[in-house]
Amino acid sequence: PGARTSDSYLAPGQRYRTNDQLEAYTVSQLRRDDLGLLHVTLRSGRGRELSAFAAQVETAISLGDLLPVTAEESVLRC
């Protein structure tokens, strides 16, 4: 059996916004470091890039600090 590449529900292309709605981010990359810890890279439409452990991003989502961007919100912002 091969090693799992992801222990997270996060996936490239998913979009999240801050709870104050000032910034939206897209999951651009998931990768494992040398210790096997999963990192997520988030990129904003303004070019800002953030990298964090997947567990930190998932915690921010569960606490409501990051909120999923719905398809309707994506269309409205175009």
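Along the sequence shown, the residues carry numbers beginning at 1.
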Cut-off 3.5 Å, no hydrogens considered: what does the side-chain donor-acceptor table look like for residues 33-41, sequence neighbours left out?
unit_1	atom_1	unit_2	atom_2	d
Asp33	OD1	Leu35	N	2.9
Asp33	OD1	Gly36	N	3.0
Asp33	OD1	Leu37	N	2.9
Asp33	OD2	His39	NE2	2.9

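- At a threshold of 4.5 Å between non-hydrogen side-chain atoms, the residues Ile61 and Leu10 count as touching.
- Residues near Leu63 contribute nothing to a hydrophobic cluster around it, because no ILVMFWY side-chain heavy atom sits closer than 4.5 Å to its side chain.
- Applying the side-chain hydrogen bond (donor to acceptor under 3.5 Å, both in side chains) rule to Gln14 yields the partners Tyr16; only residues at least two apart in sequence or on another chain are considered.
- Evaluation of the side-chain hydrogen bond (donor to acceptor under 3.5 Å, both in side chains) rule for Thr26 yields no partner, not counting sequence neighbours.
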Which donor-acceptor pairs under 3.5 Å do the side chains of residues 42-50 make with protein atoms, sequence neighbours left out?
unit_1	atom_1	unit_2	atom_2	d
Arg43	NE	Glu49	OE1	2.9
Arg43	NH2	Glu49	OE1	2.2
Ser44	OG	Arg46	N	3.2
Ser44	OG	Gly47	N	3.4
Ser44	OG	Arg48	N	3.0
Arg48	NH1	Tyr25	OH	3.4

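- Hydrophobic clustering (side-chain heavy atoms under 4.5 Å, transitive across Ile, Leu, Val, Met, Phe, Trp, Tyr) keeps Tyr9 apart from Leu67.
- Heavy-atom minimum distance, Leu30 versus Pro12: CD1-CD, 3.7 Å.
- Screening residues 51-65 for side-chain hydrogen bond (donor to acceptor under 3.5 Å, both in side chains), with sequence neighbours left out, gives Ser8-Glu58.
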